[in-house]
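When a ligand or atom number is given, it counts from 1 through the structure's own listing order.
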Amino acid sequence: MVNLKEKYKDLISEAKSAAPFRTNTAFVLGSGLGDFAETVTKIKSIPTAELPGYPVSTVEGHKGFIHFCEYNKKRFILFQGRIHLYEGYDLSQSLIPALLAKELGVENILLSNAAGGVADNLRPGDLMLISAFNTINIKKEMATVFGVASAEEKENIRFNFPSKFIHQKLIEAALEEEVYLKEGIYWYNKGPSYETPAEIQMVKNFGVAAVGMSTAHEALYAAILGMKVGAFSLITNYAAGISPVKLSHQEVIETAEAVKPKLEKLIKRFIELTI
Ligand code: HPA
């Protein structure tokens with residue numbers, strides 16, 4: 001595997017010296033989910049633009065900050081602002097949040113994203129735990145960063161994603177807060193275009209439940225680094241062809257807005273249960 005620690009050493013050392021504390025838990029907030037950061041105490045917020053070499057997120061709904069937060073005396077890190085391959089960044093750049101989390105002492109990482117619902121039981125506004133994902137369409141990019149996985153890396157992948165611990169705690173949190181949580185396979189599409197109806201039909205036949213443009217490679221990398229990794233999708237829209245309505249990023253943002261209270265309850269309860 002390419003040594004990203006070496007490649008991004010200035011960025012890492014800057015982030016480490018700016019960090020007000022170390023903690024074992026981090027969250028990566030997906031499209032439209034970034035506002036969760038406004039519901040907790042921010043002890044310090046580092047604009048990612050101040051870190052040398054940190055890519056600038058260009059997507060609406062993605063602000064670039066690393067927040068060091070506290071809620072009910074529990075401390076954690078929030079990464080607000082994703083780095084997507086469809087923005088033209090390379091795979092190694094998109095892995096920076098996971099790398100930084102590891103370097104800042106994180107052991108448990110929860111990734112979130114906005115996704116289109118494919119399975120018949122998913123509707124906009126639903127939350128879905130990601131049980132598995134594909135990387136078939138980024139194998140070429142992955143080869144440049146990951147190379148051939150060592151035996152240890154393979155073991156890490158097997159044991160760390162999805163983390164039973166993290167997903168169990170999310171299920172507990174959902175039960176306590178009466179939030180309906182589904183579970184299914186996430187199909188990663190590099191984007192930037194949404195899928196075609198034919199592609200959605202194809203992956204539906206494969207057993208895919210939701211589609212999106214992030215998370216898979218980050219989850220894999222975080223798992224390889226030895227962190228326990230959990231991931232969930234907020235279903236913001238029906239995937240292409242599932243409903244006659246045309247897809248839009250605006251719909252993604254609007255659904256995320258409507259789901260904010262549910263999501264806030266879920267993540268806060270998760271924090272209570274795990275930190
Ligand atoms: N497809 C891909 N990515 C997405 C979607 C979708 O339908 N919704 C939100 N992100």
Side-chain angles (χ1 to χ4, degrees), residues 27-36 55 57-64 79-89 91 94-95 97 110-138 141 180-220 230-260 262-263 266-267:
F27 300 85
V28 177
L29 302 170
S31 280
L33 304 175
D35 286 354
F36 177 74
S57 185
T58 58
V59 187
E60 193 196 336
H62 279 265
K63 295 177 189 154
F79 287 89
Q80 193 183 28
R82 261 272 173 49
I83 304 148
H84 298 89
L85 296 191
Y86 65 71
E87 295 173 81
Y89 295 117
L91 184 66
S94 74
L95 301 175
L110 179 57
L111 311 173
S112 62
N113 61 48
V118 176
D120 292 332
N121 69 342
L122 288 175
R123 282 174 222 318
D126 283 349
L127 298 174
M128 185 195 89
L129 282 181
I130 299 177
S131 58
F133 54 76
N134 63 297
T135 56
I136 192 168
N137 36 18
I138 46 164
E141 290 88 338
Y180 197 29
L181 198 58
K182 298 178 181 176
E183 183 161 13
I185 297 173
Y186 173 86
W187 183 265
Y188 171 67
N189 158 25
K190 199 164 124 191
S193 317
Y194 287 118
E195 306 72 26
T196 67
E199 285 160 352
I200 293 300
Q201 204 48 57
M202 180 186 78
V203 296
K204 188 174 183 184
N205 291 341
F206 287 168
V208 164
V211 289
M213 302 181 197
S214 65
T215 308
H217 46 303
E218 300 158 77
L220 188 68
F232 72 89
S233 293
L234 161 60
I235 306 302
T236 48
N237 56 281
Y238 289 106
I242 300 282
S243 115
V245 181
K246 194 170 172 289
L247 291 184
S248 71
H249 189 62
Q250 193 52 32
E251 184 190 2
V252 172
I253 300 291
E254 279 170 20
T255 310
E257 183 69 29
V259 173
K260 260 191 215 167
K262 174 162 94 169
L263 200 76
L266 179 72
I267 300 186

Scan Val259, Thr255, Ile253 and name whichever one has a side-chain contact (heavy atoms from CB on, under 4.5 Å) with Thr236.
-> Thr255

Is there side-chain contact between Leu127 and Leu263, with heavy atoms separated by less than 4.5 Å?
-> yes

By side chain to side chain donor-acceptor pair (under 3.5 Å), Glu251 pairs with (sequence neighbours left out) none

Those residues that, when tested against Lys182, pass side chain to side chain donor-acceptor pair (under 3.5 Å) (two or more places apart) | Asp126

Between Tyr188 and His217, does the ring centre distance come in under 6.0 Å?
-> yes

Short N or O separations between ligand 1 and the protein, below 3.5 Å:
| residue | atom | partner | partner atom | Å |
| --- | --- | --- | --- | --- |
| ligand 1 | 1 (N) | Glu195 | OE1 | 2.9 |
| ligand 1 | 1 (N) | Glu195 | OE2 | 3.2 |
| ligand 1 | 7 (O) | Asn237 | ND2 | 2.9 |
| ligand 1 | 8 (N) | Gly116 | N | 3.4 |
| ligand 1 | 8 (N) | Asn237 | OD1 | 2.7 |
| ligand 1 | 10 (N) | Ala114 | O | 3.3 |

What side-chain donor-acceptor pairs closer than 3.5 Å can you find for residues 205-216, not counting sequence neighbours?
| residue | atom | partner | partner atom | Å |
| --- | --- | --- | --- | --- |
| Asn205 | ND2 | Gln201 | O | 3.4 |
| Ser214 | OG | Arg82 | NH1 | 3.3 |
| Thr215 | OG1 | Arg82 | NH2 | 3.3 |
| Thr215 | OG1 | Asn113 | ND2 | 2.8 |

